[in-house]
Amino acid sequence: MACGPTYGGQDVKTPEQLLEEQERLGDEQLNKEKTSGPTEAVGSTEDEKKREWDNNQSTLEMKRAARSAETCPESVTEKAPKGKCPVSLTFANDGHVKDVTVGSPYTDGAVGKCVERAMKAVVVPAYTGSEHKLDWEIDLTGGKKSGPVGGGDDKKDDSK
């Protein structure tokens, strides 16, 4: 005698049988969609979300670049002044940095150039609308307290 339950109909299906089953399931799904009526989208669609400026992702990318900028070679030596380095970035619609402005006293020095390179590497998700401007502060004191100017407010530059 055999132990355990017996299961009927567990034969291997032929490719034709598999195809018939898939077509039947597809037909059932189409019929359900037809009888259920139109569905209303709640909130933004996925495409619309892709087109909006993504504050969370841009903040994440800026923090990554700021960590890189905080370790610029000259910023950890006695040659460069210790302090906060103001940076202003303008993003193009494709998500790449269009322009970076490094504030004084780092504007023309080696540290400023290093900070500029780190910030130019930022890429955020592509969006629609006008260029987007972010003001950020890079902590070159060794305290690693870089962040957005104004405690999280970013500015959209609609003048361009």
Side-chain angles (χ1 to χ4, degrees), residues 18 21-23 25-160:
L18 290 172
E21 183 180 7
Q22 290 298 315
E23 287 176 349
L25 292 172
D27 288 339
E28 287 176 12
Q29 184 177 357
L30 285 173
N31 288 334
K32 283 181 186 178
E33 289 175 3
K34 287 178 186 176
T35 58
S36 67
T39 56
E40 293 185 27
V42 178
S44 299
T45 65
E46 194 65 31
D47 287 340
E48 288 171 340
K49 287 179 184 177
K50 287 180 184 176
R51 287 184 249 152
E52 297 171 358
W53 175 260
D54 188 341
N55 282 322
N56 293 335
Q57 189 65 33
S58 62
T59 298
L60 177 68
E61 297 302 331
M62 289 296 293
K63 286 180 179 179
R64 288 179 184 160
R67 282 194 294 273
S68 176
E70 288 168 354
T71 60
C72 284
E74 296 292 321
S75 68
V76 294
T77 67
E78 306 253 341
K79 296 178 186 177
K82 302 291 182 195
K84 301 277 186 174
C85 176
V87 180
S88 181
L89 291 89
T90 303
F91 289 90
N93 302 65
D94 65 359
H96 291 84
V97 175
K98 180 180 176 182
D99 185 49
V100 175
T101 305
V102 177
S104 72
Y106 303 98
T107 306
D108 296 322
V111 173
K113 298 296 180 200
C114 180
V115 168
E116 182 179 349
R117 277 191 305 275
M119 294 294 112
K120 278 187 177 181
V122 174
V123 178
V124 299
Y127 64 96
T128 59
S130 60
E131 295 174 341
H132 199 88
K133 183 177 178 183
L134 287 180
D135 293 323
W136 207 264
E137 222 171 38
I138 307 299
D139 184 353
L140 298 175
T141 65
K144 298 189 181 200
K145 301 272 186 195
S146 297
V149 173
D153 296 330
D154 57 14
K155 299 175 191 169
K156 190 172 186 178
D157 187 1
D158 293 323
S159 64
K160 296 186 173 130

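One-based numbering along the sequence shown.
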In sequence, state the C-alpha distance, the side-chain angles, and the governing distance for Val122 and Trp136, and then conclude on side chain to side chain contact (heavy atoms under 4.5 Å, CB included). CA-CA 13 Å; Val122 174; Trp136 207 264; over 6 Å; no
Within-4.5 Å side-chain heavy-atom neighbours: [X] and [Y]:
X: Glu131; Y: Asp99; answer: no
X: Thr71; Y: Arg67; answer: no
X: Gln29; Y: Leu25; answer: no

Keeping the roles fixed (side chain from [X], backbone from [Y]), state whether a donor-acceptor pair exists under 3.5 Å.
X: Tyr106; Y: Val87; answer: no
X: Tyr127; Y: His132; answer: yes
X: Asn93; Y: Ala126; answer: no

Taking all non-hydrogen atoms of both residues into account, name the closest pair between [X] and [Y] and its distance.
X: Gln57; Y: Asp54; answer: N-OD1, 3.1 Å
X: Thr107; Y: Val102; answer: OG1-O, 3.1 Å
X: Ala92; Y: Lys98; answer: N-CB, 4.2 Å
X: Ala66; Y: Met119; answer: N-CE, 3.5 Å

Restricting to pairs with a member in residues 109-121, which pass side-chain hydrogen bond (donor to acceptor under 3.5 Å, both in side chains), not counting sequence neighbours? Glu116-Lys120
With rounding to the nearest 0.5 Å, note down the distance linking [atom1] in [X] to [atom2] in [Y].
X: Ser88; Y: Glu137; atom1: OG; atom2: CD; result: 12.5 Å
X: Met62; Y: Ile138; atom1: CE; atom2: CD1; result: 6.0 Å
X: Leu140; Y: Glu70; atom1: CG; atom2: CD; result: 7.5 Å

Salt bridge (Lys or Arg N to Asp or Glu O under 4.0 Å) between Glu61 and Arg64, worked out: CA-CA 5 Å; Glu61 297 302 331; Arg64 288 179 184 160; 3.1 Å; yes
Going by side-chain contact (heavy atoms from CB on, under 4.5 Å), name the residues that satisfy it together with Ser68, two or more places apart in sequence or in a different chain.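 For Ser68, the residues satisfying side-chain contact (heavy atoms from CB on, under 4.5 Å) (neighbours in sequence not counted) are Ala118.
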